[in-house]
Every structure is written in structure tokens, then in C-alpha cells.
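Below: the structure, in C-alpha cells.
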Amino acid sequence: MTIERPRGTRDFLPADSFRRGAVRKGMVELLERWGYQEISTPTFEHLELFTIKSGPSITEEIYTFKDKGGRDLALRPELTAPVMRMYVNELQKAPKPLRLHYFGNCFRYERPQRGRFREFWQLGAELIGSDRPDAEAEVIALAGELVGSAGVAGDLHIGYLGLIRSIMRMIPAAERPAVMKLIDKKERGLLAEKLQEMGRDHLGLQELLDLRGRRALDRAEELAEDLAEISEDLPPDEAAAGSRGPSTTDAAKDRSARSDRAAPTALNLPHFREVVDLLGIYGVEGTVDFQIVRGLEYYTGTVFEIYASGLGAQNQICGGGTYQLAGLLGGQETTSTGFGIGFDRIMEIVAVDETPPPPIAVVFVPQVKGEAVRVAKTLRHRLSAPVVLDVMGRGLGPQLKQASSIGAGYVVIVGPREVELEKFTLREMATGSQEALSIDEIAEKLGG
RNA sequence: GCCGGGGUAGGGUAGUUGGCCAUCCUUUGGGACUGUGGAUCCCAUGACCCGGGUUCGAAUCCCGGCUCCGGCCCCA
């Protein structure tokens with residue numbers, strides 16, 4: 001009996017790790033070039049951090065435990081909350097704006113399926129301290145470039161919650177979670193029925209959801225004006241003050257509970273229009289899409305998602321938006337824009353042709369082992385390629401065989417003759433050609 | 001939590017009307033070959049997901065569990 005990996009976790013073999021490292025490195029370089037600085041937070045946090053952000057029912061989907069001191073802790077299920085916790089704890093007085101990026105493993109207790117694991121990696125960035133369109137456009141453009149830099153064709157959708165929330169104020173509070181869910185699920189038929197049932201099918205909601213692209217903004221502005229007129233004869237607090245009614249799921253309960261402390265969402269379409277205009281200047285292609293809802297209430301307006309094909313049911317590779325979370329976590333409120341990228345999903349569709357550099361093997365005749373160790377030491381110091389030495393007690397022939405099977409490009413042969421002459425034999429494995437060179441000449445020839 | 005399809009050496013597989021030491025390829029270690037690799041040959045290591053049941057006898061049939069793959073729910 002062997003011990004298996006826990007469900008939903010993965011092992012990464014050398015080739016996997018190399019690919020992941022190469023892709024991550026490319027993304028980090030880009031983030032740094034945009035002025036974002038890397039941070040790290042703990043793998044586990046107080047459970048409360050996540051229940052404050054996402055509601056108590058989140059506990060069912062995360063790994064929680066009590067430590068020996070009786071503290072309720074949780075393996076982080078995402079990184080935005082920890083990053084904002086760090087901000088509140090130690091960076092509130094840092095000069096704004098703050099540009100941060102991060103990469104880390106996260107844990108969720110869910111049924112594994114394609115693109116979904118119990119341990120997964122998230123790469124993301126947060127721009128903290130600005131509520132201006134400039135900040136939002138920068139972050140969205142950055143997300144788009146990151147995905148593109150990995151060679152992934154992403155489909156960027158940008159949404160704005162302001163208008164939809166204004167419409168929601170015209171809908172009885174008890175019905176809002178259900179309506180939002182239908183929007184999110186893109187259940188247009190059911191949504192139409194629901195709105196008719198409530199006598200709210202004149203609000204323009206359905207038309208709004210179908211709007212796409214350039215003209216969407218003009219039409220959205222008209223809808224907003226119509227809405228202002230309608231709202232005069234439909235008291236918005238009609239139902240908001242009333243009882244909430246039975247919610248069907250815990251998630252819905254959380255959602256309606258959280259709406260009490262919803263971030264104020266002013267209906268500010270010119271703001272959103274500027275974000276879209278700036279993105280055009282950044283050269284990032286995206287689709288205006290008012291269907292993007294991203295359930296949580298701490299989002300203040302602009303939200304976005306990036307999808308990719310070839311991933312099966314879990315096709316979202318990036319999600320983000322502008323939010324206010326510092327206040328919830330006990331700090332002074334500030335506005336941030338950020339996103340998270342599902343690194344594992346990127347890895348499933350990315351094409352990486354980079355491979356590790358071929359190693360150089362120092363092969364030797366046993367009686368001059370000491371000299372071989374010295375040669376290897378010198379070469380490791382001078383070259384960036386891996387340099388390996390036999391540790392199996394093999395003879396010269398088997399060592400060459402081994403060098404061949406690990407894909408060595410060159411072999412440096414060290415024997416009594418070479419030691420005598422202070423010239424070692426450099427053998428190119430592909431051709432079998434050999435030449436006698438000093439250690440300096442070898443280092444130089446191999447790119448030292 | 002739900003639905004469907006799978007689990008035989010490290011990887012890929014044969015074998016299911018129950019029946020002799022579970023097949024082959026590859027990988028790994030050793031040898032032929034203690035100063036020159038890739039070929040070839042020989043030897044060795046290594047598996048029926050776990051637990052019950054039926055049976056004289058189970059990789060094979062039955063039940064339960066675990067797990068992988070795809071989907072649903074959920075998706076911060």
C-alpha cells in the first residue's frame with residue numbers, strides 16, 4: 001500500500017515545474033514592468049477574514065481547522081482578502097497608489113473537475129487607492145496583456161454594475177437575489193417571466209443585458225434617463241424596507257445579507273465610458289457586457305472577466321473589478337481595482353516551447369575523481385548550464401551512456417591523460433567530435 | 001451533494017463463459033564492455049485501487065468505499 005495524493009491535488013514533475021516556472025516568470029516580468037511589486041501573505045489566515053468578505057456559508061467550501069490554541073483558521077481560498085488584510089495591517093499609510101502583484105496556492109473544498117482543483121494557484125494584481133477611470137483602465141489593460149503574453153487568446157468582457165443596480169432598486173429586495181442569479185446564469189427566458197410576474201418588465205433590464213460593443217454605451221445612457229423618469233413614480237424603497245422573504249440557498253442569504261453593507265454605487269456612466277475609451281488607447285480589445293455581475297456587493301462599478309476556449313466548463317481564466325474592502329476589514333475605506341488569474345487554467349491551454357538548457361556531464365576515470373570534482377566546480381561557477389557528475393560509481397562507458405540518456409549536449413572527459421596535460425577532452429554528443437582544451441577554453445566555448 | 005464513464009508494475013497495455021508461476025512493450029538497476037554514449041543480447045526489480053461477499057477457486061461476478069476523467073450544483 002502506498003500513500004496517495006490527497007484528492008484534488010497534483011504533483012508537478014520536473015517538466016511541469018519548468019513550464020509553470022517559465023510562464024510565471026514571463027508574467028512577473030510584465031507586472032514588474034508596469035510598476036507592480038510582489039508581495040506574499042500567509043497560506044492560512046483567521047477564518048473570519050473570509051467570512052467577513054464572503055459570508056458565513058463560505059465555511060462549507062474552504063479548509064478550516066482549529067489550531068492547538070483553539071483559534072479558527074482557514075487555508076486561504078483566494079488572495080484578494082489576504083492582500084487587503086495586509087494593506088489594512090501595514091500599508092494604509094504608504095503613498096498611494098499602491099501597485100501590488102502576487103502568486104500563491106489557494107485551497108477550496110470542492111468537487112474536482114476540469115480546471116478545478118482543491119489546491120490551485122492564483123496570480124493577481126491590485127491597484128489600491130484610486131477610484132478613477134485611469135486606475136481601472138490600467139488594471140484591465142494589464143490583465144489583458146498578461147493573458148496575451150502567455151500566448152492565450154482571451155475574450156475580455158467589461159461590465160458596469162451601476163446601471164443594473166439602479167434597476168435593482170426598482171425591484172423588491174426579496175426578489176433581487178433570484179433576479180441577479182438569473183442574470184448571472186444567462187437564463188433570459190426565465191428572467192423575462194420573472195420580470196413580467198413582478199410587473200417590472202418595463203425597466204429596460206433585458207435590453208441592457210443584450211447590449212454589446214460600441215453602441216452599448218449610448219443606448220445605456222438613454223436607458224438610464226428613462227429609468228430616472230420611471231423611478232419618480234415608483235418609490236424605490238417600496239420593497240427595500242420590507243421583509244426579505246425566504247431565501248432558497250445559503251449563498252442567496254449571504255448575498256441579501258451583504259447587500260445591507262453594499263458599497264455605494266453611483267450611476268456614473270461617463271466614468272465607465274472613460275474607462276472604455278482609455279482601454280481603446282491602451283489597445284486592449286474588450287466587449288462591453290452588462291451581464292457581468294460578479295455577485296459580491298463590495299464591487300463598486302466596473303467589473304470584468306476574461307474567458308478562453310479549450311477549457312471545458314470552467315472557461316473563465318481571469319476575473320476582477322473595482323471594490324471597497326478595506327472598510328469591511330477594519331481599515332479606512334479606500335477604492336481598489338484588482339484581478340485574479342487562474343494560473344492552472346492558463347497552463348492548460350498555453351503553448352510553451354521553452355525547454356530547460358541541456359546539462360553538461362563531467363565524466364571521469366575513477367582514479368582521478370578528485371580532479372573531476374574540481375572541474376565540475378569550476379564549470380558550475382562559470383556557466384549557467386547545469387553541470388552533473390557521476391555519483392553511481394560507474395565506469396567511463398556507462399557514464400557516457402548516462403550522459404546520453406539525460407540529453408547532455410557536451411561531455412567533459414577527465415582521465416589521467418587529461419590531468420597530466422591539463423587539457424580536458426570536450427566531446428560534443430550530437431556529433432561525437434572531440435577536442436583537447438584547457439578548463440578556461442572549455443568555459444569560454446560553452447558560453448561562460 | 002448529484003449524474004455518467006474509468007482504475008492491472010514508474011508510464012503504456014493483454015487477460016473478464018471465474019481455473020496452472022498474470023501478457024507484452026517501455027522505463028529503472030546490473031552485466032556482456034574497469035579510457036568513449038545511442039545498437040543488440042542476458043539478468044534483475046516492479047502491478048490486479050481498498051474492504052467485504054459469492055465460490056473448492058475471483059484481476060474477472062456482487063455490494064460498499066476511495067480515487068481519476070467529464071458534466072451538474074457552486075464558483076469569493
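On a predicted model such as this, the values are computed, not experimentally measured, just so you know. Naming convention: chains lettered A, B, ... in sequence-line order (proteins, then strands); numbering from 1 in each chain.
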Checking all strands, does [X] fall into the base, sugar-phosphate, or nothing category for heavy-atom contacts under 4.0 angstrom?
X	answer
A/Gly432	base
A/Ala313	sugar-phosphate
A/Gln399	nothing
A/Gln434	base
A/Pro398	nothing
A/Arg76	nothing
A/Gly395	nothing
A/Gln314	base
A/Arg5	nothing
A/Gly321	nothing

For the CG atom of A/Leu379 and the CG atom of A/Leu446, what is their distance to the nearest 0.5 Å?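 Reported to 0.5 Å precision, the distance equals 7.0 Å.
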When the [atom1] atoms of [N] and [M] are considered, how many whole Å apart are they?
N	M	atom1	value
B/A47	B/A59	P	15 Å
B/G51	B/U60	P	12 Å
B/G52	B/A58	C1'	13 Å
B/C3	B/U13	C1'	30 Å
B/C49	B/A9	P	7 Å
B/C50	B/C66	P	15 Å
B/C56	B/G18	C1'	12 Å
B/G7	B/U16	C1'	15 Å

Nearest-Å distance for atom pair CD/P, residues A/Glu60 and B/C75: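 The answer, rounded to whole Å, is 12 Å.
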Measure CZ/A/Phe364 against C1'/B/G37 and give the value in whole Å, please.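 So the two atoms are 16 Å apart, to the nearest Å.
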[X] and [Y]: side chain donor to acceptor below 3.5 Å:
X	Y	value
A/Glu136	A/Thr337	no
A/Gln399	A/Arg394	no
A/His101	A/Glu32	yes
A/Thr335	A/Gln324	yes
A/Tyr410	A/Lys445	no

Is the Lys NZ or Arg CZ of [X] less than 6.0 Å from the centre of [Y]'s six-membered ring, within 45° of the axis?
X	Y	answer
A/Arg76	A/Phe107	no
A/Arg118	A/Tyr109	yes
A/Arg20	A/Trp121	yes

Count the heavy atoms belonging to other residues, nucleotides or ligands that lie under 6.0 Å from CZ of A/Phe44, then report whether that count exceeds 12.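 At most 12 heavy atoms, drawn from other residues, nucleotides or ligands, come within 6.0 Å of this atom.
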Verdict with supporting geometry, A/Glu126 and A/Tyr87, side chain to side chain donor-acceptor pair (under 3.5 Å): CA-CA 11 Å; A/Glu126 311 290 338; A/Tyr87 165 76; over 6 Å; no
Check every atom of [options] against the side chain of [X] and return the nucleotide holding the closest atom.
X	options	value
A/Arg427	B/C68, B/G30, B/U36	B/U36
A/Met429	B/G70, B/A76, B/G37	B/G37
A/Leu396	B/G70, B/G29, B/U36	B/U36
A/Thr425	B/G38, B/U36, B/A76	B/U36
A/Gln113	B/C73, B/G37, B/G30	B/C73
A/Lys185	B/G35, B/A76, B/C75	B/C75

State whether A/Arg7 places a side-chain N or O below 4.0 Å from either non-bridging phosphate oxygen (OP1 or OP2) of B/C66.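 Answer is no, no contact under 4.0 Å.
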Of A/Arg417 and A/Glu110, whose nearest nucleotide on RNA chain B comes first from the 5' end?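 Per heavy-atom nearest nucleotide, the more 5' residue is A/Arg417.
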Name the residue closer to the 5' end of RNA chain B, choosing between A/Arg394 and A/Ser404 according to the nucleotide with the nearest heavy atom.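 Result of the comparison: A/Arg394.
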Quick one, give me the B/S/- string for nucleotides 41-46 of chain B, reading 5' to 3', where B means a protein heavy atom under 4.0 Å from the base and S means that only happens at the primed atoms, P, OP1 or OP2. ------
What does nucleotides 1-13 of chain B look like as a protein-contact string, B for base, S for sugar-phosphate only, - for none, at under 4.0 angstrom between heavy atoms? BBB----------
Nucleotide paired to B/U67 in any strand shown, Watson-Crick or G-U, under 3.5 Å: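 Pairing partner: B/G6.
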If we call it a pair only when both distances are under 3.5 Å in a Watson-Crick or G-U wobble match, what pairs with B/C72?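 The answer is B/G1, by the H-bond criterion.
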So does A/Glu418 reach the base of B/G35 with its side chain, donor to acceptor, closer than 3.5 Å?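 Indeed, a donor on one side and an acceptor on the other fall under 3.5 Å apart.
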Looking at A/Glu78 and A/Arg108, does any basic side-chain N land under 4.0 Å from a carboxylate oxygen?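 No.
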